[in-house]
Amino acid sequence: MNALYMIVGTLVALGVLVTIHEFGHFWVARRCGVKVLRFSVGFGTPLLRWHDRQGTEYVIAAVPLGGYVKMLDEREGDVPPALLEQAFNRKSVQQRFAIVAAGPVANFLLALLFFWILAMLGSQQVRPVIGSIEPGSVAGQAGVVAGAEVLAVDGEPTRGWSEVNLQLIRRLGETGTLRLRLQEPGSTVESERSLALAGWLKNVEDPDPLASLGIRPWRPQIAPVLAQLDPEGPAKAAGLQVGDRLLSVEGRLLDEWQQVVDAVREQPGQRVEFMVERDGRRFEVSLTLAARGEGKQRSGYLGAGVEGGEWPAEMLREVSYGPLDAVGESVKRTWTMSRMTLDSIGKMLFGELSVKNLSGPITIAKVAGASAQSGVGDFLNFLAYLSISLGVLNLLPIPVLDGGHLLFYLVEWARGRPLSERVQAIGMQIGVSLVVGLMLLALFNDISRL
């Protein structure tokens, strides 16, 4: 079932985003009087094809990893004299600029639409109340205390932990001061704390911003009673069963599941002793924990889980907007995600963020499947984020991408004439090398996570 969700989710995600992107090019090209020869979603062998009254061929192809709009162009073949005025290369630089820019713009508009729908549907968020602070941590040194609620990060209001994490992610790799506005526990008094960052989580793969600051969110206590077992995990191999209660680990009494998580995380690859209760009988189980991650990110893995605890009503808040207010929220979220995507690319280029965070088609497929399985809201959210990423990446000034063509047109507009074909050809070769290199790096990262 998970594989089915992954396949369907990926096909729908790529199909929607590619179609919208190419439709942007197509729609503006038609408005500028350019004859469109083919509108293809996917590459390779055509699975389905038809024509409209203007002679445009529409194709759905076998490989759903992109698409293209083929326009009449003298640089790609002979054009009958009667159709010269409909050739792309005969249009003004402003019209060509608009046609090329329309693809990424369509992706941003799609994200705006999805965020608008999500804002009206609303969401239930967990109040960002701090459960505990690790002694000696960055947050602890700044005077942050357990029980405080995070009201804002760097001046940006935060209504739930998802918004807190989003603001923290923007600061990855940076040196400076992180400002938290807090509501002190048990009162209405607000205070601000300044946390010192120094190359914060620079070059760390899969960073955990909250944990690195020493902050643990408040969560309901969950009894350490096993409800899930990984068939390939150490717990299953050692004979633990669903319904077993973990009483202690290495002699330390266990009152809640988080204590198990902490103990396991700190001992990757180590042999540990659990005291277990099953049907009123107590016995010891010795097992060797598996290890996940590398270097400082290496942590232990037990391969067991529990049922989620029930959240008190006062720790939850409903966030939703009316149709007009949702427009503003949609614009804000689209701008925030666009800026964060661009910042992340810049930080990777300058070594402030690990390139191992770059994801390719395998990760996209996994996330597409998981979000599709979680529900319509999560899937729309995923599509919006992916659409923004596609829009930002395509606007990078790299020849072959839309941004590279736009750069050529800007130079042509400034000079009054286009760059020579030789210069453009060299630029294209460099662009192809960069894009292929990025794709291979992203694919390598995907495979290394398997």
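Fair warning: this is a prediction, and the values are worked out from it, not measured in the lab.
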Exercise. Is the distance between the ring centroids of Tyr385 and Phe114 under 6.0 Å?
Worked result: no
Problem set entry | Validation row, ring centre Phe39 to ring centre Phe26 under 6.0 Å | yes
Taking the side chain as every heavy atom from C-beta outward, state whether [X] and [Y] have any atom pair closer than 4.5 Å.
X      : Y      : result
Met71  : Leu37  : no
Leu302 : Leu289 : yes
Val145 : Pro185 : yes
Val41  : Val59  : no
Ser191 : Glu184 : yes

Problem set entry | Audit row: Leu287, Leu240, side-chain contact (heavy atoms from CB on, under 4.5 Å) steps and yes/no | CA-CA 10 Å; Leu287 57 84; Leu240 291 176; 4.2 Å; yes
Exercise. Going through the checks in order, is the side-chain contact (heavy atoms from CB on, under 4.5 Å) test met by Val260 and Val249?
Worked result: CA-CA 8 Å; Val260 179; Val249 56; over 6 Å; no
Exercise. Arg339: what forms a side chain to side chain donor-acceptor pair (under 3.5 Å) with it, not counting sequence neighbours?
Worked result: none
Strictly by modelled atom types, are [X] and [Y] linked by a side-chain donor-acceptor pair under 3.5 Å?
X      : Y      : value
Thr158 : Gln167 : no
Ser212 : Trp200 : yes
Asn165 : Arg170 : no
Tyr58  : Arg38  : no

Donor-acceptor pair, distance only, cut-off 3.5 Å: does the side chain of [X] make one with the backbone of [Y]?
X      : Y      : result
Thr19  : Val16  : no
Trp116 : Pro323 : yes
Glu76  : Leu72  : no
Thr175 : Gly199 : yes
Glu163 : Arg159 : yes
His25  : Val69  : no
Arg171 : Thr177 : yes
Glu329 : Asp325 : no
Arg49  : Glu57  : no
Asp402 : Asn394 : no

Residue pair [X] / [Y]: nearest heavy atoms and the distance that separates them:
X      : Y      : value
Ala13  : Phe382 : CB-CE2, 4.0 Å
Thr334 : Phe108 : CG2-O, 4.3 Å
Gly427 : Pro399 : O-CB, 3.0 Å
Ile398 : Gly431 : CG2-CA, 3.7 Å
Ala111 : Ser330 : O-OG, 4.5 Å
Met337 : Phe115 : CG-CZ, 4.4 Å

So does [X] pair up with [Y], basic N to acidic O under 4.0 Å?
X      : Y      : value
Glu134 : Arg216 : no
Arg317 : Glu149 : yes
Glu174 : Lys347 : yes

When the side chains of residues 307-315 are checked against the rest of the protein, which donor-acceptor pairs come out under 3.5 Å, sequence neighbours left out?
none

For this session: Step through the shown structure and confirm whether more than 12 heavy atoms of other residues, nucleotides or ligands are within 6.0 Å of CG on Leu324.
Result: no
How far does [atom1] of [X] sit from [atom2] of [Y], to the nearest 0.5 angstrom?
X      : Y      : atom1 : atom2 : result
Leu172 : Leu197 : CG    : CG    : 9.5 Å
Ile215 : Ile130 : CD1   : CD1   : 4.5 Å
Ser299 : Asp208 : OG    : CG    : 10.0 Å
Ser162 : Gln125 : OG    : CD    : 4.5 Å
Leu390 : Ile20  : CG    : CD1   : 11.5 Å
Asp262 : Glu256 : CG    : CD    : 8.5 Å

Exercise. In chain order, what residues pass the ring-ring contact (aromatic ring centres under 6.0 Å, His included) check against Trp335, with sequence neighbours excluded?
Worked result: none
For this session: From the options Thr341, Leu401, Ile345, select the one residue that forms a side-chain contact (heavy atoms from CB on, under 4.5 Å) with Leu393.
Result: Ile345
Atom pairs and distances, donor-acceptor, side-chain atoms in residues 218-232, under 3.5 Å, two or more places apart:
residue: Arg219; atom: NH1; partner: Gln258; partner atom: OE1; Å: 3.3
residue: Asp230; atom: OD1; partner: Glu232; partner atom: N; Å: 2.9
residue: Asp230; atom: OD2; partner: Tyr301; partner atom: OH; Å: 2.7

Exercise. Which residues satisfy the side-chain contact (heavy atoms from CB on, under 4.5 Å) test with Gln124, sequence neighbours excluded?
Worked result: Leu316, Glu318
Seminar exercise, completed: Applying side-chain contact (heavy atoms from CB on, under 4.5 Å) to Thr188 and not counting sequence neighbours gives none
Problem set entry | Thr56 and its side chain to side chain donor-acceptor pair (under 3.5 Å) partner, picked from Arg30, His51, Lys35, Lys70 | Arg30
For this session: Evaluate side-chain contact (heavy atoms from CB on, under 4.5 Å) for Arg333 paired with Asn381, printing each intermediate quantity in order.
Result: CA-CA 11 Å; Arg333 291 179 67 177; Asn381 202 47; 2.9 Å; yes
